[in-house]
Visitor: 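Before I ask anything, let me first share the structure, which is written out below as structure tokens.
Every value quoted in this text rests on a predicted model; they were computed, and no experiment measured them.
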Amino acid sequence: MKRFIGWFVCLAMTVSICSGICVSVSAAGEPYVTHSLPKTIKVGASLRDLPDTVIHYHNLTPGRQVVLNEVDYGGLNEIAMGDHAGDGPRGVLVDEGGNADGRSIGSFLYRIYRPGTILYQPGYYYAETYEEIMNGELIPIGDPIRITVEAPVIKDNAPSTVKVGSSLTLKTELTNTALTNQKVSEYAEAIEHDKDPSYMISVSGEYHLLAYQPIVEVVEGKELVKQSNQDYSNTLYTSETLSFSGVGTVQLKITYRQINTCGMCLYGDNRYNVAETITIQVTDDTTPPASSTTASSGTTTSSENSTSSASSTSTSSTASAPASSGSLPSDTTSTGAPVTTIDEETGIQLEADPGVVPPDTVIQAEEVKDGGNFVIINNALEQTSDKWVAYDISLISNQAEIQPNGNVKITIPRPKGLNMNKMVLYHVADDGTLTQIPFTMDKTKDNLTFETDHFSLYAVVESETAVNNPNPAEDNHTGLWIIVSAVILVLLIGAGGAVWFFKFHKRVDKNRESD
């Protein structure tokens, strides 16, 4: 046994010595760098907000003064706002472990304002005198480090085809940014000084802010469409009503124009505007829709992708016979057949009586988790509850958004995590006005049902002050059972006490008799 322990100790010492040799060899190896910089970042972000924006150098000569250079300052000037001109190369003392830290990019970069690539090429050279520092030749380490700044994306709910005489609520939103929605009015002073290169605005004590001023313009088919109820007051989304009065092609240009808050930083052609063009074909009963769709296209300073916000898949069924292949869906609502349609992603279902909606109607619903609608709902419910689930619900017929001609029945699966006995249902208007909607709860099917004649935003809220009780009978029965149980418990305790009392006195009496 002792011999075995001796061999084990020798083996452990050998492994330790070999490991030390390997570590020493590694420490004496080639210089290398480590970092935690992201591979991608969004417009509107600031590298100052990242936890670590330093490139760390290793295996340098301890005690030597080294010059570190890693960032393409010229490239930064093209995509970021801030004090990023730099103050030239500078020396850093390498510590005893051979480590040195480069300059933090977050110390002089403020805000990313356009897509592109931030390029880092880690490198070093040893220098002691000012002349050596200024004239040294950089030795690169490894491959360049690239941070890709993603392009913003404009989303809209515009259909490719609408019917003459119809109207729709066009909503657009600037997405894929690190920005939060603000009011354009907060930047009124900057807009007024737009042409002044020396002007710089500070909002809430912060400079180099990034914001957009949106607008929607009709660039083709102005005689076919009328714009009304235009709301361009927010920096990240718009809303308006389009009414189509003639057959033909309508082109709309959506522009999110960058507000110059940084004077010379964005003066002239250096600002980045996000824009795209959408095409809508206006048809009538005798004019088939265009056989090919016109893709949304952007300018060289725009997002090239347009994604409809109504992206959920829906199915619709009616009691009438299906249309023959190649025929256009009828717009008549006098089919004599009810309509049932369900959104497959959310499970939200619509049931309509004959004549209330066209037979080709489908329901589209999307849970509101971010964007402009999220801001509206969150602000509206701020004083009510922080536990809610909201949906943007719409009806689509003939590829256009419609409203029913009367009440329809909507069934929503109960949102998980909400107390069903404290739930309240609200309709949320575009201006944040809350209207409580009565509903019934089916606990066996775990869903809630209500009736409405208008579609937009609906929020299911858990509220401590809930006055809506979808199942009062069940709750009364529950209370009754609690009372009955309490009474039975009191009777049992009383009976048990009485039995104990009589047994105790009987025992006392026996003891007295024995005495």
Visitor: Start with the C-alpha distance between D446 and K416, add both sets of side-chain angles, then the distance that settles salt bridge (Lys or Arg N to Asp or Glu O under 4.0 Å), and finish with yes or no.
Guide: CA-CA 10 Å; D446 207 23; K416 303 302 181 184; 3.1 Å; yes
Visitor: Within a 6.0 Å radius of atom NZ on K183, are there more than 12 heavy atoms belonging to other residues, nucleotides or ligands?
Guide: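 More than 12 within 6.0 Å, yes.
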Visitor: Which atom names give the shortest non-hydrogen contact between S397 and I402, and what distance separates them?
Guide: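 That would be CB-CD1, 3.7 Å.
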Visitor: Heavy atoms, side chains only, cut-off 4.5 Å: are V356 and N407 in contact?
Guide: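 Not in contact.
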Visitor: Which residues satisfy the side chain to side chain contact (heavy atoms under 4.5 Å, CB included) test with T40, sequence neighbours excluded?
Guide: T148, E150
Visitor: Under 4.5 Å between any side-chain heavy atoms of Q349 and N447, yes or no?
Guide: no
Visitor: Over all heavy atoms of both residues, which pair between L170 and I278 is shortest? Give the atoms and the distance, please.
Guide: CD1-CD1, 4.5 Å
Visitor: May I ask you to test the M423-R414 pair for a side-chain heavy-atom distance under 4.5 Å?
Guide: yes
Visitor: Where do T169 and S239 come nearest, in terms of heavy atoms and distance?
Guide: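 Heavy-atom minimum between the residues: CG2-OG, 3.8 Å.
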Visitor: Closest heavy-atom contact between A459 and I377?
Guide: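 Taking every non-hydrogen atom into account, CB-CG2, 4.4 Å.
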Visitor: Taking the side chain as every heavy atom from C-beta outward, state whether I393 and L350 have any pair of such atoms under 4.5 Å apart.
Guide: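 Answer no - side chains too far apart.
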Visitor: Are side-chain heavy atoms of I412 and F450 found at a separation under 4.5 Å?
Guide: yes
Visitor: Can you name the closest pair of heavy atoms from A365 and I348 and give their distance?
Guide: CB-CD1, 3.8 Å
Visitor: Go through the steps to decide whether Q281 and T249 satisfy the test side-chain hydrogen bond (donor to acceptor under 3.5 Å, both in side chains), and finish with yes or no.
Guide: CA-CA 5 Å; Q281 296 292 336; T249 300; 3.1 Å; yes
Visitor: Consider side chain to side chain contact (heavy atoms under 4.5 Å, CB included). Of L174, N181, T172, which one does Y237 pass it with?
Guide: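 So, applying the side chain to side chain contact (heavy atoms under 4.5 Å, CB included) to Y237 and each of L174, N181, T172, only N181 qualifies.
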Visitor: At their closest point, which heavy atom of I112 faces which heavy atom of K42, and how far apart are they?
Guide: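 Taking every non-hydrogen atom into account, CB-O, 4.2 Å.
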Visitor: Which pairs, with at least one residue in residues 369-395 and sequence neighbours excluded, count as a ring pair (Phe, Tyr, Trp, His ring centres under 6.0 Å)?
Guide: F374-W388
Visitor: Would you mind reporting whether Y212 and Y272 have side-chain heavy atoms less than 4.5 Å apart?
Guide: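 The answer is yes; the side chains approach within 4.5 Å.
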Visitor: Run T452 and Y458 through side-chain hydrogen bond (donor to acceptor under 3.5 Å, both in side chains) and show every step you take.
Guide: CA-CA 11 Å; T452 184; Y458 286 88; 2.7 Å; yes
Visitor: Parallel, tilted or perpendicular for H427 and H454, by the 30°/60° rule?
Guide: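 If you compare the ring of H427 with that of H454, the planes turn out perpendicular.
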